[in-house]
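Atoms considered below: every heavy atom in the structure, side chains included; atoms not considered: hydrogens, waters and symmetry mates.
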Amino acid sequence: MSRRGENIYKRKDGRWEGRILKADGKYQYVYARTYKEVKEKKKNYKEYKKLRREKIPGTAKSATELFKLWLESGVANQVKPSTYENYYRCMHKYVLPFFGKMNDRITALQVGLFVKSICDNISLSESYKRKIISIFKTALREILKNSGDYAPIMEEVKLPKAENTAVQVFSVKEQRLIENAAMDSEDKRALGILLCFYSGIRLGELCALKWGDLDFEAGTMSIVRTVSRTKNFQHHVNKSILLVGMPKSKKSIRKIPLPVFLLKLSNKLKIYAKNEHCYVLSGSKTPIDPRTYQKLFKRILTSAGVKDRKFHTIRHTFATRALELGVDIKTLSEILGHSNVAITLNIYAHSLMEQKKIAINKLNEMHVTHMGITSFAVGGSVINA
């Protein structure tokens, strides 16, 4: 349903979508939970574009003014709340303090010094350094658009090399102990841990799962939303807020087949749900907080006698087990909801190497079993193979 003349629509997922026609004939999209909010976002975006035309790098009083303008009026209307929180933390903790000291324009020299300061910061992991510089680059790209300084400044933004470290996974023994502890737990919400072990879904996706997302006849589970706790930027209310939104990317909206044993287990639990609109873990129309479920997960690990790990380790374990069982990388990537296969390849390269070793060992076994020991001549001499 749309409001005539305003390009504001209510989507099937319940959110409101606003479309803004840009000068190049393409649309800019903004999203919100209510019609009023999306209308306000459209207004803010138009004001930001007007201000941006007036405040180009050559005339702005300082670099911090431009970064604040981008953060507060530009990107705030275009990204998910959880993504905006990452931008906010990065800008306020690293970018604004650095350029605030300089009190200068955005120049190639200052940008190069900032990137160097992040790369040389030994307290930051390599992955977090990449995250900070990536966000910084996103801001620069928008601020410097159509500026003559764009090319030389952007040339100074170089991402650190990605870490090539193996992800943490539970061993088969640890997984068995955790599954048994979850099955024996008096808190039936613990069964969500099994669901993650055999589907690879993220914590936020698990917390957002409704009974209507499970198709017991087809044996599938649909992932169409996620739950996250993010900073509330309306300072007159609570510091953080629980939000139900779209999954991480378009590819994260997916349908996953479920093992028969999980379908039977889930069907037994469904009798306690009021209706299909109830969330699986909470049993009500309000989702469980991911932080609350993480605490439950920690208790299960303690009960199982397994070393403390992050909840995301379950997802890595699912992917590793799948590769060990011979699931092809394309299928695995789609089940995990990665935006492309390259991400899956990069994360689980260590597991793929193990698969390569297994494949070569099979070829070795074939040679020993079927080829036998043969001899062949080379240049008048005999070589035993």
Judged by modelled atom types alone, do Ser127 and Ser125 share a side-chain donor-acceptor pair under 3.5 Å?
-> yes
Any chance the rings of Phe318 and Tyr198 have centres within less than 6.0 Å?
-> no
Side-chain donor/acceptor of Thr302 to backbone N/O of Lys298, under 3.5 Å = yes
Lys310 NZ to His316 NE2 distance, which is reported to the nearest 0.5 Å = 8.5 Å
Less than 4.0 Å between a side-chain N and a carboxylate O, is that true for Lys330 and Asp328?
-> no
Please check if the side chain of Arg225 supplies one atom and the backbone of Ala208 the other of a donor-acceptor pair under 3.5 Å.
-> yes
Within the side chain of Thr317, is there an N or O that forms a donor-acceptor pair under 3.5 Å with the backbone of Phe170?
-> yes
Pairwise side-chain contact, Lys210 with Asp213, heavy-atom cut-off 4.5 Å (strictly under) | yes
Report yes if the side chains of Val115 and Phe136 come closer than 4.5 Å at any heavy-atom pair, otherwise no.
-> yes
Do Ile329 and Thr331 have side-chain heavy atoms sitting under 4.5 Å apart?
-> no
Please assess Arg141 against Tyr150 for the test side chain to side chain contact (heavy atoms under 4.5 Å, CB included), listing each intermediate value before the final yes or no.
-> CA-CA 8 Å; Arg141 189 182 291 117; Tyr150 182 89; 3.3 Å; yes
Start with the C-alpha distance between Leu336 and Arg315, add both sets of side-chain angles, then the distance that settles side chain to side chain contact (heavy atoms under 4.5 Å, CB included), and finish with yes or no.
-> CA-CA 8 Å; Leu336 291 171; Arg315 181 171 164 86; 3.7 Å; yes
Would you check if the side chain of Asn121 reaches a backbone N or O of Ser117 as a donor-acceptor pair within less than 3.5 Å?
-> no
Inspect the surroundings of NE2 in His277 and state if more than 12 heavy atoms from other residues, nucleotides or ligands are less than 6.0 Å away.
-> no
State, with a plain yes or no, whether a side-chain heavy atom of Glu17 is found less than 4.5 Å away from one of Lys10.
-> no
Would you find a donor on one side and an acceptor on the other, under 3.5 Å apart, between the side chain of Lys251 and the backbone of Ser333?
-> no
Taking every heavy atom of Thr313 against every heavy atom of Gln168, the minimum-distance pair comes out as CG2-O, 3.4 Å
Do the charged groups of Lys362 and Glu365 touch, with an N to O distance under 4.0 Å?
-> no
Approximate separation, where rounding is to 0.5 Å, of Ile343 CD1 and Ser249 OG = 7.5 Å
Among Ile256, Val280, Leu262, which one satisfies side chain to side chain contact (heavy atoms under 4.5 Å, CB included) with Leu195?
-> Leu262
Is there a donor-acceptor contact under 3.5 Å from the side chain of Thr138 to the main chain of Ser134?
-> yes
Taking only Lys NZ, Arg NE, NH1 and NH2, and the carboxylate oxygens of Asp or Glu, determine whether Asp215 and Lys255 approach each other closer than 4.0 Å.
-> no
Distance-only polar pair, side chains of Ser62 and Thr64, donor-acceptor under 3.5 Å | yes
Residues Ile118, Phe98; criterion side chain to side chain contact (heavy atoms under 4.5 Å, CB included); working and verdict = CA-CA 10 Å; Ile118 297 299; Phe98 180 90; over 6 Å; no
If two hydrophobic side chains count as joined below 4.5 Å and joins carry through other members, does Leu242 share a cluster with Tyr88?
-> no
Look at the side-chain heavy atoms of Ile, Leu, Val, Met, Phe, Trp and Tyr, link any pair under 4.5 Å apart, and say whether Phe261 and Leu258 land in one connected group.
-> yes
Could you tell me whether the side chain of Tyr293 and the main chain of Ile193 form a donor-acceptor pair under 3.5 Å?
-> yes
Give, for atom CG of Asp289 and atom CZ of Arg229, the distance between the pair rounded to the nearest 0.5 Å.
-> 4.0 Å
Atom pair CZ (Phe311) and CG (Leu296), whose distance is rounded to the nearest 0.5 Å | 9.0 Å
Is any NZ, NE, NH1 or NH2 atom of the basic residue among Arg176 and Glu179 found under 4.0 Å from an Asp or Glu carboxylate oxygen of the other?
-> no
Kindly indicate whether the side chain of Phe114, heavy atoms from C-beta on, has any atom under 4.5 Å from the side chain of Ile132.
-> yes
Which heavy atom in Ala190 sits nearest to a heavy atom in Ile300, and how many Å separate them?
-> CB-CD1, 3.9 Å
Is there a side chain to side chain contact (heavy atoms under 4.5 Å, CB included) between Thr107 and Ile153 once you walk through the steps?
-> CA-CA 6 Å; Thr107 65; Ile153 290 178; 5.5 Å; no
Taking 4.0 angstrom as the limit, do Glu85 and Arg89 come out as a salt bridge?
-> yes
Heavy-atom closest contact (Leu332 atom, Ala319 atom, distance) | CD2-O, 3.8 Å
Exceeds 12 heavy-atom contacts within 6.0 angstrom, atom CD of Glu155 = no
If only atom types and distance count, is the side chain of Lys129 paired as donor or acceptor with the main-chain N or O of Cys119 below 3.5 Å?
-> yes
Side chains of Cys196 and His312 in contact at under 4.5 Å (non-hydrogen atoms) = no
Might you point out which heavy atoms bring Pro160 and Glu126 nearest each other, and give the distance in Å?
-> CB-OE1, 3.8 Å
Flag the pair Ile335 / Arg254 as yes when at least one side-chain heavy-atom distance between them is below 4.5 Å, and no otherwise.
-> no
Has Lys158 got more than 12 heavy atoms of other residues, nucleotides or ligands less than 6.0 Å from its NZ?
-> yes
Intermediate values then yes/no, side-chain hydrogen bond (donor to acceptor under 3.5 Å, both in side chains), Ser185 and Asp187 | CA-CA 5 Å; Ser185 175; Asp187 192 335; 5.7 Å; no
Where is the tightest heavy-atom contact between Leu263 and Gly219, given as atom of each residue plus distance?
-> CD1-CA, 3.5 Å
Flag side-chain contact, heavy atom, 4.5 Å: Leu209 against Ile223 = yes
Cluster question for you: counting only ILVMFWY and a side-chain heavy-atom cut-off of under 4.5 Å, with indirect links fine, are Leu323 and Val341 together?
-> yes
Any donor-acceptor N/O pair, Glu72 side chain to Leu69 backbone, under 3.5 Å | no
Measuring from Ser82:OG to Asn86:CG, what's the distance to the nearest 0.5 Å?
-> 7.0 Å
In chain order, what residues pass the ring pair (Phe, Tyr, Trp, His ring centres under 6.0 Å) check against Tyr87, with sequence neighbours excluded?
-> Trp70
On a heavy-atom basis, the closest approach of Pro287 and Val227 is CB-CG2, 3.8 Å
Going only through I, L, V, M, F, W and Y residues with side-chain contacts under 4.5 Å, is there a path from Leu177 to Val172?
-> no
Does Leu214 share a hydrophobic cluster with Val244, counting links as ILVMFWY side-chain heavy atoms below 4.5 Å and allowing steps through other members?
-> no
Measuring from Leu71:CG to Phe67:CZ, what's the distance to the nearest 0.5 Å?
-> 10.5 Å
Hey, does the side chain of Glu205 reach the backbone of Arg202 with a donor-acceptor pair shorter than 3.5 angstrom?
-> yes
